[in-house]
Asks: 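Pasting in a structure now, in structure tokens, and then I'll have a few things to ask.
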Amino acid sequence: MNQLASATSPYLRQHADNPVDWRQWDAQALAEAAARDVPILLSVGYASCHWCHVMAHESFEDAGTAALMNENYVCVKVDREERPDLDSVYMSATVAMTGQGGWPMTCFLTPEGEPFYCGTYYPKVPRGGMPSFTQVLTAVAETWRSRRDEVNEASAQVAGALRAQAAGLPDGDFTVDAELLDRAIAAVVGDEDRERGGFGGAPKFPPSALLEGLLRGWERTGDPEVAAVVRRAAEAMARGGIYDQLRGGFARYSVDAAWVVPHFEKMLYDNAQLLRCYAHMARREVSPLARRVTVETVEFLLADLSTAEGGFASALDADTHLEPDGPGVEGATYVWTPAELVGELGPIDGAWAAEVFGVGTAGNFEQGASVLTRYTDPDDEARTERIRAALRAARDTRPQPARDDKVVTAWNGMAITALAEAGSALRQPDWVDAAVRCARFLLDEHVVDGRVRRTSLDGTVGAALGILEDYAWLAVGLLALHQAVGELEWLEHAQRVLDTAIARFADPDVPGSWYDTADDAETLVARPRDPIDGATPAGASVLAEAMITAAAASAPAESERYRLLAEQTLRRGAIVLARAPRSAGQWLTVAEAALRGPLQVAIALPADWQSSSATSDLVNTARTHAPGGSLVIAAPSDTVPLLSQRPPLGNTAAAYVCRGTVCDLPVSSPADLDAALTR
């Protein structure tokens with residue numbers, strides 16, 4: 001019988017009423033396959049995946065298909081966001097076998113978990129050269145029964161290849177210096193789509209971590225072309241349909257190369273990373289759009305993704321169900337026709353809105369409807385905001401996409417980081433408060449007996465152990481809060497999380513190399529580790545950021561240990577910067593900070609600092625003008641390690657600026673601090 005009703009994943013619960021006898025991945029499922037002498041049918045997807053829903057509607061809800069599955073297989077359903085370790089291993093196998101990957105992912109495994117046949121979406125009936133799902137089910141079952149030797153040989157070969165692939169980064173004779181970073185940046189700049197912004201063709205994904213790395217490179221070099229690359233991408237995305245022009249927030253990608261038509265799912269990880277980047281642009285005035293997009297993205301996170309417990313939900317679905325039991329319709333909530341605009345706003349405002357938001361009679365989406373874009377900024381800002389509010393209210397009456405309420409530690413760590421940094425730099429304390437609430441929830445519920453768990457749902461933590469990115473992003477977020485509020489508590493929490501990660505994920509034979517799963521995690525076909533930055537950065541590159549920041553923030557004994565590990569990790573990651581810079585955005589982000597020491601700004605606060613406008617001006621100067629990756633802490637003397645034996649100058653706040661182990665004399669005026677930061 002189907003066993004998904006008790007799952008802590010909304011995606012798995014979506015399949016609890018299927019006639020398929022779904023199991024969750026566990027030792028019992030593998031044992032059942034061995035006892036029945038049948039293969040495992042592993043189906044991997046996630047809640048906001050459009051084609052996952054299509055395959056479910058076509059096949060998993062069909063009684064005949066389900067009977068074929070139940071008779072010949074032990075059927076296991078996995079949420080890739082809850083078990084990224086499983087997803088990583090079997091996606092590698094899928095790409096190796098088919099040349100491409102994606103979700104839904106469909107893998108056939110031996111009872112030992114070794115894959116022997118893999119694919120992605122299979123249609124209900126043969127289409128476009130693809131066999132039907134039932135044809136695949138029948139053929140694989142027959143092969144299992146009649147050609148077992150071939151199955152065993154294939155599975156052994158694939159398992160061996162997966163283990164070899166998990167060997168980690170090869171040795172490379174690269175040094176993390178200005179020359180390496182300049183070459184990486186030049187290669188990335190040379191790959192830009194100058195006409196439409198960003199990189200590559202359709203489908204086009206937001207280059208979130210890469211933009212942050214480029215921003216830091218521009219701050220080091222002052223190269224205006226690097227800033228222009230960031231600005232063109234940021235403005236193209238913010239004006240295109242990939243950005244929700246009414247409610248804020250970015251979709252996962254655009255199906256075209258011009259950022260017009262999105263794949264409508266909205267992911268927390270995209271929006272948290274992009275918030276960090278746009279806030280960075282806003283405080284450095286790289287783009288006039290950046291501040292508006294920053295504010296609207298925060299509003300989207302707080303209004304649409306926040307949970308009652310203080311965390312942030314994973315995603316909004318790509319599809320909208322216009323009828324409760326009907327199939328999902330992609331984009332139905334978001335698109336407009338000229339007639340709909342007139343119907344909501346009247347003929348004059350409706351025609352004006354159609355012009356502003358690019359809604360024509362031909363449409364840019366399907367059936368004459370349009371995704372809203374915004375390629376101009378009308379002079380009448382009050383009218384624009386009034387019409388946006390009216391359309392937003394009208395859209396809220398439509399059926400809405402489902403929300404995946406699962407709280408993922410890593411993605412919430414990204415949100416904490418972005419909210420803390422943005423709130424500090426743009427003087428929005430309520431954003432920092434939201435980051436604090438989220439961090440307290442994660443520390444209270446997601447850290448169990450000193451170990452980080454991957455997910456929770458409705459305040460109930462799941463059984464899946466955290467992977468490297470969960471520890472790393474939680475540590476980065478806690479360190480961002482340490483800087484935002486200047487309290488020792490957050491540094492101590494970060495150190496505990498970081499120390500556990502170092503103990504559990506390090507490769508004992510290769511200093512600076514890290515596995516993505518802990519040393520006591522479930523044994524899979526291969527122990528995964530992926531050093532490449534993708535839609536979310538590699539766990540190792542994020543851990544490098546956590547360690548380099550912790551080294552600058554900690555007392556000498558801990559500092560030296562973190563610094564050495566960060567240097568070893570960056571040396572291992574340098575080969576990615578050298579050979580695949582487009583896939584090294586987070587590595588570039590961390591390396592740019594490391595090249596500066598990182599820069600440390602310790603502001604010793606006087607006794608009356610809370611009522612001192614001069615102190616506020618000094619702190620705001622540091623948070624506005626310090627380059628990305630700098631450590632900026634304002635606190636009373638001797639309350640945190642960075643302020644140890646660093647007093648104010650009498651009754652005046654004093655800023656101590658250090659680069660690595662070399663420090664300037666303290667300064668007390670914003671002008672002197674600005675000069676120290678920019679020299």
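Given the structure is predicted, the values throughout are model-derived calculations rather than measurements. Residue numbers count from 1 along this sequence.
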Asks: Taking it one step at a time, do L137 and T65 satisfy side-chain contact (heavy atoms from CB on, under 4.5 Å)?
Replies: CA-CA 9 Å; L137 292 172; T65 304; 4.1 Å; yes
Asks: When you measure from the side chain of T409 to the backbone of R454, do you find a donor-acceptor pair of N or O atoms at a distance under 3.5 Å?
Replies: yes
Asks: Which atom names give the shortest non-hydrogen contact between E82 and K406, and what distance separates them?
Replies: N-CE, 4.2 Å
Asks: Are V432 and S424 packed together at the side-chain level, in the sense that at least one heavy-atom pair is separated by less than 4.5 angstrom?
Replies: yes
Asks: For atom CD of E385, decide whether the heavy atoms of other residues, nucleotides or ligands shown that lie under 6.0 angstrom number more than 12.
Replies: yes
Asks: Can you find a side-chain donor-acceptor pair between Y90 and R80 that sits under 3.5 Å?
Replies: no
Asks: Are V407 and L442 close enough that some pair of their side-chain heavy atoms sits under 4.5 Å apart?
Replies: yes
Asks: Are the side chain of S541 and the backbone of A538 linked by a donor-acceptor contact shorter than 3.5 Å?
Replies: yes
Asks: For the residue pair T307 and D405, what are the closest heavy atoms and their distance?
Replies: CG2-O, 4.4 Å
Asks: SG/C107 to CE/M91 distance, rounded to the nearest 0.5 angstrom?
Replies: 7.5 Å
Asks: Between F357 and S370, does the side-chain contact (heavy atoms from CB on, under 4.5 Å) criterion hold? Intermediate values first, please.
Replies: CA-CA 9 Å; F357 294 114; S370 290; over 6 Å; no
Asks: Is it the case that the side chain of T120 and the backbone of M105 share a donor-acceptor pair, with hydrogens and angles ignored and the cut-off at 3.5 Å?
Replies: no
Asks: Testing F133, W103, W51 one by one against Y121 for a ring-ring contact (aromatic ring centres under 6.0 Å, His included), which residue passes?
Replies: W51
Asks: Examine distances only and state if a side-chain atom of R374 and a backbone atom of R239 form a donor-acceptor pair shorter than 3.5 Å.
Replies: no
Asks: Are L268 and S314 packed together at the side-chain level, in the sense that at least one heavy-atom pair is separated by less than 4.5 angstrom?
Replies: no
Asks: For the CG atom of D191 and the CZ atom of F199, what is their distance to the nearest 0.5 Å?
Replies: 7.5 Å
Asks: Taking atom NZ of K124 and atom NE2 of H57, what is their separation to the nearest 0.5 Å?
Replies: 10.5 Å
Asks: Ignoring hydrogens and angles, tell me if any N or O in the side chain of H280 forms a donor-acceptor pair with the backbone of R216 under 3.5 Å.
Replies: no
Asks: Let's go through S48 and D404 carefully: what are the C-alpha distance in whole Å and the side-chain angles of both, what is the deciding distance for side chain to side chain donor-acceptor pair (under 3.5 Å) to 0.1 Å, and is it a yes or a no?
Replies: CA-CA 7 Å; S48 56; D404 183 345; over 6 Å; no
Asks: How far apart are the closest heavy atoms of Q24 and S6, and which atoms are they?
Replies: NE2-OG, 4.5 Å
Asks: Could you give me the CA-CA distance, side-chain angles and deciding distance for H446 and S456, then say whether side chain to side chain donor-acceptor pair (under 3.5 Å) is met?
Replies: CA-CA 7 Å; H446 281 224; S456 66; 2.7 Å; yes
Asks: Please assess H50 against D319 for the test side chain to side chain donor-acceptor pair (under 3.5 Å), listing each intermediate value before the final yes or no.
Replies: CA-CA 6 Å; H50 171 72; D319 295 347; 2.7 Å; yes
Asks: Should the pair K204-D193 be classified as a salt bridge under the 4.0 Å nitrogen-to-oxygen rule?
Replies: yes
Asks: Can we say E421 and R283 salt-bridge, meaning some charged N sits less than 4.0 Å from an Asp/Glu carboxylate O?
Replies: no
Asks: Could you walk me through whether R383 and D349 pass the salt bridge (Lys or Arg N to Asp or Glu O under 4.0 Å) check?
Replies: CA-CA 9 Å; R383 185 182 190 186; D349 280 350; 2.7 Å; yes
Asks: So does E309 get a backbone contact from the side chain of E445, meaning a donor-acceptor N/O pair under 3.5 Å?
Replies: no
Asks: Please lay out, stage by stage, how R388 and E296 fare under the test salt bridge (Lys or Arg N to Asp or Glu O under 4.0 Å).
Replies: CA-CA 12 Å; R388 285 183 71 230; E296 291 173 359; 3.4 Å; yes
Asks: Is there a donor-acceptor pair under 3.5 Å between the side chain of S43 and the backbone N or O of K77?
Replies: no
Asks: How long is the span from the CZ atom in F108 to the CG atom in L42, to the nearest 0.5 Å?
Replies: 10.0 Å
Asks: Are V229 and L211 packed together at the side-chain level, in the sense that at least one heavy-atom pair is separated by less than 4.5 angstrom?
Replies: no
Asks: State whether R232 and E225 are salt-bridged, where the test is any N-O pair (Lys NZ or Arg NE/NH1/NH2 against Asp/Glu carboxylate O) under 4.0 Å.
Replies: yes
Asks: Let's go through L316 and L305 carefully: what are the C-alpha distance in whole Å and the side-chain angles of both, what is the deciding distance for side-chain contact (heavy atoms from CB on, under 4.5 Å) to 0.1 Å, and is it a yes or a no?
Replies: CA-CA 8 Å; L316 296 182; L305 291 186; 4.1 Å; yes
Asks: Got a salt bridge between K266 and D317, using NZ or NE/NH1/NH2 to carboxylate O under 4.0 Å?
Replies: no
Asks: Under the 6.0 Å and 45° cation-pi test, does R247 pair with F300?
Replies: no
Asks: Output, in order, the C-alpha distance, side-chain angles, deciding distance and verdict of ring pair (Phe, Tyr, Trp, His ring centres under 6.0 Å) for Y278 and Y243.
Replies: CA-CA 13 Å; Y278 277 91; Y243 182 68; 7.6 Å; no
Asks: Within a strict 4.5 Å, meaning less than it, do heavy atoms of the E340 and L391 side chains meet?
Replies: no
Asks: Is the shortest heavy-atom distance from the side chain of Y122 to the side chain of S59 under 4.5 Å?
Replies: no
Asks: Any side-chain to backbone donor/acceptor pair from D244 onto G249? Under 3.5 Å, distance only.
Replies: no
Asks: Are the side chains of L301 and F312 in contact, using a 4.5 Å heavy-atom criterion?
Replies: yes
Asks: Kindly give the heavy-atom pair with the smallest separation between S287 and R231, and that separation in Å.
Replies: CB-CG, 4.2 Å
Asks: Can you name the closest pair of heavy atoms from A410 and W473 and give their distance?
Replies: O-CB, 3.4 Å
Asks: Are the side chains of R291 and T294 in touch, meaning some heavy atoms are under 4.5 Å apart?
Replies: no
Asks: Side chain of D79, backbone of E81: donor and acceptor closer than 3.5 Å?
Replies: yes
Asks: Checking the side chain of N412 only, and the main-chain atoms of V408 only, is there a donor and an acceptor separated by less than 3.5 Å?
Replies: yes
Asks: Within this structure, what is the CZ-CE distance for the pair R196 and M237, rounded to the nearest 0.5 Å?
Replies: 15.0 Å
Asks: Might you point out which heavy atoms bring L12 and A7 nearest each other, and give the distance in Å?
Replies: CB-CB, 3.7 Å
Asks: Inspect the surroundings of CD in Q135 and state if more than 12 heavy atoms from other residues, nucleotides or ligands are less than 6.0 Å away.
Replies: yes
Asks: Go through it in stages, so that I can follow the logic: the residues are T320 and F264, the test is side-chain contact (heavy atoms from CB on, under 4.5 Å), and I'd like the CA-CA distance, side-chain angles, deciding distance and then a yes or no.
Replies: CA-CA 10 Å; T320 299; F264 290 90; over 6 Å; no
Asks: Is it true that, when you exclude D17 itself, more than 12 heavy atoms of the residues, nucleotides or ligands shown sit nearer than 6.0 Å to its CG?
Replies: no
Asks: To the closest 0.5 Å, what do you measure between CG (D270) and OG1 (T536)?
Replies: 9.0 Å
Asks: Please say whether the positively charged group of R398, taken as NZ for Lys or CZ for Arg, lies over the ring of W336, i.e. under 6.0 angstrom from the six-membered ring centre and within 45 degrees of the axis.
Replies: yes
